[in-house]
Amino acid sequence: MALILLVEDDRIITAALSRALTDAGHVVRTAGQAVDALRIVTENKPDLVILDLGLPDIDGADALRMIRSVSDVPVIVATARRSEVDIISLLNAGADDYVTKPFSGGHILARISAVLRRGRSGGDDAVPNITVGGLVINPQQRQATLEGEPLRLTRREFDVLAYLAERAGKVVSRRELMTQVWQQARIGEEQTIDVHISWLRRKLGETAAQPRYLHTVRGVGVMMVEPS
């Protein structure tokens with residue numbers, strides 16, 4: 001069971017989705033405007049947000065950025081936009097996942113389950129830190145530092161970084177990242193991986209042309225290595 005904030009101004013859609021989420025055992029809070037959603041995120045700290053982009057007060061993409069400024073709560077964006085440029089823009093703004101309208105209750109429930117699984121820390125057992133060069137990752141606290149300085153990572157960036165660090169010295173394909181980190185296998189959406197690798201490179205102080213930790217193996221995937 002999770003506390004889910006549903007941000008949607010269409011009452012018919014809100015009622016149908018709320019019923020599907022409640023039937024699945026979740027607790028649902030609803031908001032019809034971005035301002036109300038931001039207040040609920042800060043006061044009630046939901047486990048996940050479903051955010052429609054067509055809100056009456058603030059553009060949904062701007063609302064997403066506002067949520068990201070105060071919380072790392074997982075956000076699934078519901079959108080009618082299908083172009084690659086729009087999707088990349090949403091991921092840039094901090095979305096953890098997205099669904100394109102129209103979608104079924106079963107579809108959104110599957111996406112919710114996948115996102116919540118990715119956010120679990122694995123229980124109370126102690127998990128050792130992962131160290132690669134000056135990069136130290138604490139999987140239990142979901143924190144990472146580089147040369148002693150904390151890295152500000154989104155939930156998905158942390159998941160990708162930790163997955164690659166655990167497999168340092170091994171080439172990991174984009175398809176493997178999509179299936180194991182995103183827990184999805186959507187053909188044609190590996191571009192999502194490239195976007196997140198690009199963000200991680202910036203935060204690690206490197207570029208694709210001058211890599212330190214993340215090395216691209218053309219036609220195969222990406223490999224994390226300890227800088228020489």
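Everything numeric in this text was worked out from a predicted model, so none of it was measured.
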What distance do [X] atom [atom1] and [Y] atom [atom2] have between them, rounded to the nearest 0.5 Å?
| X | Y | atom1 | atom2 | value |
| --- | --- | --- | --- | --- |
| I108 | R111 | CD1 | CZ | 7.5 Å |
| Q180 | D159 | CD | CG | 12.5 Å |
| Q33 | D9 | CD | CG | 8.5 Å |
| R65 | D59 | CZ | CG | 8.0 Å |
| S18 | I4 | OG | CD1 | 10.0 Å |
| N44 | L5 | CG | CG | 8.5 Å |

Smallest separation among heavy atoms of [X] and [Y], with atom names:
| X | Y | value |
| --- | --- | --- |
| T179 | E176 | OG1-O, 3.1 Å |
| K101 | A78 | CE-CB, 4.1 Å |
| V77 | A95 | CG2-CB, 3.8 Å |
| P227 | R212 | CG-O, 3.9 Å |
| Y213 | V132 | CE2-O, 3.1 Å |
| P128 | P139 | O-CD, 3.5 Å |

For the residue pair [X] and [Y], establish whether any side-chain heavy-atom pair is separated by less than 4.5 Å.
| X | Y | answer |
| --- | --- | --- |
| D36 | D57 | no |
| V99 | I50 | no |
| L135 | M224 | yes |
| P74 | R155 | yes |

Backbone N/O of [Y] and side chain of [X]: donor-acceptor pair under 3.5 Å:
| X | Y | answer |
| --- | --- | --- |
| D96 | V75 | yes |
| E8 | D10 | yes |
| D47 | L3 | yes |
| R156 | H196 | no |
| K170 | M223 | no |
| R174 | D194 | no |
| N138 | Q140 | yes |
| R68 | S71 | yes |

Might you work through the side-chain hydrogen bond (donor to acceptor under 3.5 Å, both in side chains) test for R201 and T216, ending with a clear yes or no? CA-CA 11 Å; R201 281 195 167 116; T216 298; 2.8 Å; yes
Within a reach of under 6.0 Å around CZ of R11, are more than 12 heavy atoms found that belong to other residues, nucleotides or ligands? no
Give a yes or no on whether [X] and [Y] share a hydrophobic cluster (residues Ile, Leu, Val, Met, Phe, Trp, Tyr; joining criterion: side-chain heavy atoms under 4.5 Å apart).
| X | Y | answer |
| --- | --- | --- |
| I40 | V49 | yes |
| L116 | L17 | yes |
| F103 | L21 | yes |
| V35 | V73 | yes |
| M178 | F158 | yes |

Tell me, please, whether Y163 has R167 positioned over its six-membered ring: NZ or CZ under 6.0 Å from the ring centre and within 45 degrees of its axis?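 Ring-cation test returns yes.
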Can you name the one residue among I197, L153, I130, V181 that meets side-chain contact (heavy atoms from CB on, under 4.5 Å) with L161?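 Of I197, L153, I130, V181, side-chain contact (heavy atoms from CB on, under 4.5 Å) with L161 is met by L153 alone.
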L109/H26 under side chain to side chain contact (heavy atoms under 4.5 Å, CB included): CA gap, chis, key distance, verdict: CA-CA 10 Å; L109 287 171; H26 299 299; 4.2 Å; yes
Verdict with reasoning, L38 to V70, per side chain to side chain contact (heavy atoms under 4.5 Å, CB included): CA-CA 8 Å; L38 193 64; V70 298; 3.7 Å; yes
Which is it for L6 and I13 under the side chain to side chain contact (heavy atoms under 4.5 Å, CB included) test, yes or no, and what are the steps along the way? CA-CA 10 Å; L6 173 59; I13 295 176; over 6 Å; no
Step-by-step side chain to side chain contact (heavy atoms under 4.5 Å, CB included) determination, V115 to L48: CA-CA 8 Å; V115 170; L48 183 140; 3.8 Å; yes
